[in-house]
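Since this is a predicted model, take the numbers as computed values, not measurements. In each ligand, atom 1 is the first atom listed, and ligand 1 is the first ligand listed.
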Amino acid sequence: MSRPYDIVGLKAALEGLRLEDNPALVKQKSRDFFWYSPILKSQLDAVVGDLVVTPRNTAEVVRIVEACHRLGIPVTPRGSGTGNYGQAMPLSGGVVLNMAEMRDITQIGPGRVVCGPGAIMAEIDAATRAHSGQELRMHPSTYATASIGGFLAGGSGGVGSINWGGLRDLGNVLSVEVVTMEASPRVLRLTGADLAKVMHAYGTNGIITEVEMPLTAAYDWVDIIVGFRDFAAAARFGNALGEQDGILTKLITPIAAPVPQRYFLRHRALVPDGASVVLVMLAPHARDAFALFCKRFGGAEILFDAGAVPTVDRAGLPSNVELSWNHTTLRALRVDPAITYLQVLYPFPDQLALVDAIHKRFPDDEVMGHLEFVRFDGRITCFGLPLIRFTDAARLNAIIRIHEDMGAPIFNPHRYTLEEGGMKQTDDVQLAFKREADPQGLLNPGKMVAWDNPDFDFASGKTYLYPSLEPSRA
Ligand code: FAD
């Protein structure tokens with residue numbers, strides 16, 4: 001995949017900046033967790049950039065995008081590369097803009113932190129906890145390695161969403177600084193409604209160079225695993241616990257048997273055969289109330305309580321964070337490469353009936369239950385991240401169709417474009433901002449269908465294929 005870019009000219013223009021053209025390192029930084037999806041794996045495996053550039057500050061970002069704009073070279077921003085839809089992969093080659101060095105935490109105050117986009121979320125929390133007992137409201141399960149800029153541009157929510165909803169809900173991001181891709185790049189400060197221009201836009205319409213995030217009170221969250229006789233009981237428990245206004249949790253994750261027994265290798269001895277579980281992160285002061293809630297609910301057996309196990313005996317045991325959200329899939333994939341997953345919304349108020357009906361519709365070994373309870377528009381409901389035993393693309397599409405026909409929309413994690421992975425429609429705000437901020441279409445090409453092919457019909461059932469990927473068509 002060689003392209004006619006003037007990389008020699010670009011290197012001269014960027015003299016003094018951190019540049020990397022070692023092919024092995026460029027290839028490494030051109031990849032993310034796209035291989036999670038058997039579909040994306042076959043489509044994107046050959047994707048590679050030409051040069052990795054690592055800016056240290058906003059002025060260097062401006063210099064890089066100005067030079068790339070002048071030379072017509074695409075720029076694909078990258079945080080830690082943990083996105084699992086190929087979001088950070090440079091489909092047209094060019095520059096991989098590695099934001100990892102812009103990681104300074106510059107301000108912490110009551111309820112807010114300001115930092116560079118490359119700051120790792122666990123490191124932000126370590127700093128805000130030490131400063132004033134505060135932490136981020138939510139984070140993905142890749143908390144230990146993922147950057148905050150990558151979360152804003154490529155993620156959606158995660159641990160903490162049971163209290164705070166999704167990342168794009170009003171108030172969950174305070175402001176961002178963005179550099180545009182123009183002849184004279186502008187440095188903009190976006191707040192309020194303008195945040196929607198770049199949130200979850202995969203870096204297709206601006207480079208985020210600083211973020212300001214809201215904070216909440218930090219706790220020494222206690223990991224608890226509760227066992228149930230079946231998945232329906234686990235789901236009911238998760239829903240009822242989410243509705244307990246006085247019991248402070250940060251994670252409520254029902255997972256069906258045999259997932260914990262097969263794939264949670266370090267925990268499997270704790271989970272009886274046939275038991276489904278709910279993973280909970282609980283505030284320490286809520287323990288008594290939680291124990292009472294379990295007793296009243298009935299049929300809930302506490303299988304593991306990290307607060308009751310000496311630290312030394314927990315060594316090597318993954319935390320509930322790293323068993324939940326997309327880490328559930330990761331654990332399964334490590335044991336069985338034939339596993340993949342879907343992202344399902346079970347709309348309020350019928351979420352439990354829908355979960356039950358959908359799981360009854362499929363063999364237990366083909367669609368394995370995994371729910372994440374969240375607060376969605378002020379109500380408790382759940383997303384599903386069911387594990388799927390992959391046979392072929394046609395069957396995967398059939399499983400998706402059955403979910404949608406039964407009333408559970410799918411956010412398809414087997415698509416690399418914004419629209420097909422999301423609402424299957426153009427985001428007019430993001431498209432308009434791209435016209436303004438990236439008029440040559442050089443930022444992360446191929447990820448916004450509305451830009452490349454305005455006539456593409458999302459209702460056609462066809463998958464959009466970016467032209468540079470044609471030869472590797474599966
Ligand atoms: P990257 O993967 O590097 O980038 C993500 C996107 O943001 C790309 O499109 C990239 O071009 C763009 N980007 C990066 N930095 C910038 C910038 N400064 N300016 C503009 N654009 C930029 N996601 C969730 O939302 N919730 C989860 O719970 C979750 N769990 C996961 C678990 C596993 C095991 C895996 C593999 C993935 C998971 N993800 C989850 C997806 C991903 O880890 C997160 O969204 C993460 O926050 C991405 O951060 P990153 O630094 O790795 O971003």
Side-chain angles (χ1 to χ4, degrees), residues 29-37 49 54-55 58 61 65 74-91 95-103 115-122 124 136 138-161 166-168 172 176-181 190 197-211 251 253 318 321-334 341 343 370 372 374 383 385 411 413 416-418 421 437-438 443-448:
K29 289 276 186 265
S30 300
R31 297 165 89 77
D32 59 14
F33 278 66
F34 72 105
W35 49 264
Y36 242 61
S37 155
T54 305
T58 302
V61 173
V65 294
V75 173
T76 300
R78 175 187 180 86
S80 303
T82 68
N84 54 300
Y85 322 134
Q87 295 108 306
M89 295 179 70
L91 303 190
V95 164
V96 173
L97 190 67
N98 173 24
M99 304 303 287
E101 294 297 314
M102 290 181 62
R103 62 197 300 163
C115 61
I120 303 300
M121 282 171 269
I124 299 173
L136 293 167
M138 71 187 76
H139 59 75
S141 61
T142 43
Y143 176 64
T145 51
S147 74
I148 189 78
F151 188 40
L152 264 56
S156 50
V159 180
S161 288
L167 194 53
R168 288 178 82 175
N172 279 336
V176 295
E177 181 186 83
V178 174
V179 173
T180 63
M181 182 59 152
L190 304 184
K197 293 175 175 174
V198 295
M199 299 271 309
H200 203 82
Y202 293 0
T204 54
N205 55 12
I207 311 290
I208 298 171
T209 46
E210 186 177 79
V211 308
L251 180 79
T253 308
V321 167
E322 294 195 346
L323 296 177
S324 68
W325 289 86
N326 243 332
H327 266 79
T328 315
T329 320
L330 184 62
R331 305 250 162 229
L333 263 172
R334 281 185 180 152
Y341 84 118
Q343 297 172 155
H370 166 198
E372 294 291 348
V374 297
F383 284 104
L385 291 93
F411 299 93
Y416 56 82
T417 63
L418 283 161
D438 178 27
L443 286 178
N444 205 353
K447 305 293 169 57
M448 191 189 276

Set of residues satisfying side-chain hydrogen bond (donor to acceptor under 3.5 Å, both in side chains) with respect to Tyr416, sequence neighbours excluded: none
Partner set under side-chain hydrogen bond (donor to acceptor under 3.5 Å, both in side chains) for Thr180, not counting sequence neighbours: Glu182
Amino acids in close contact with ligand 1, where any non-hydrogen atom sits under 4.0 angstrom away: Phe33, Tyr36, Pro77, Arg78, Gly79, Ser80, Gly81, Thr82, Gly83, Asn84, Gln87, Ala88, Met99, Pro117, Met121, Pro140, Ser141, Thr142, Ala146, Ser147, Gly149, Gly150, Phe151, Ala153, Gly154, Gly155, Ser156, Gly157, Tyr202, Gly203, Gly206, Ile207, Ile208, Trp325, Asn326, His327, Leu330, Asn444
Where Arg31 and Arg78 come nearest, the two heavy atoms and their spacing: O-NH1, 2.7 Å
Residues which pass side-chain hydrogen bond (donor to acceptor under 3.5 Å, both in side chains) with His327, listed by chain and number, not counting sequence neighbours: Ser141
Spacing of Ile120 atom CD1 and Ile148 atom CD1 [to the nearest 0.5 Å]: 10.0 Å
Pair Glu177-Thr58, side chain to side chain donor-acceptor pair (under 3.5 Å): steps then yes or no: CA-CA 9 Å; Glu177 181 186 83; Thr58 302; 2.8 Å; yes
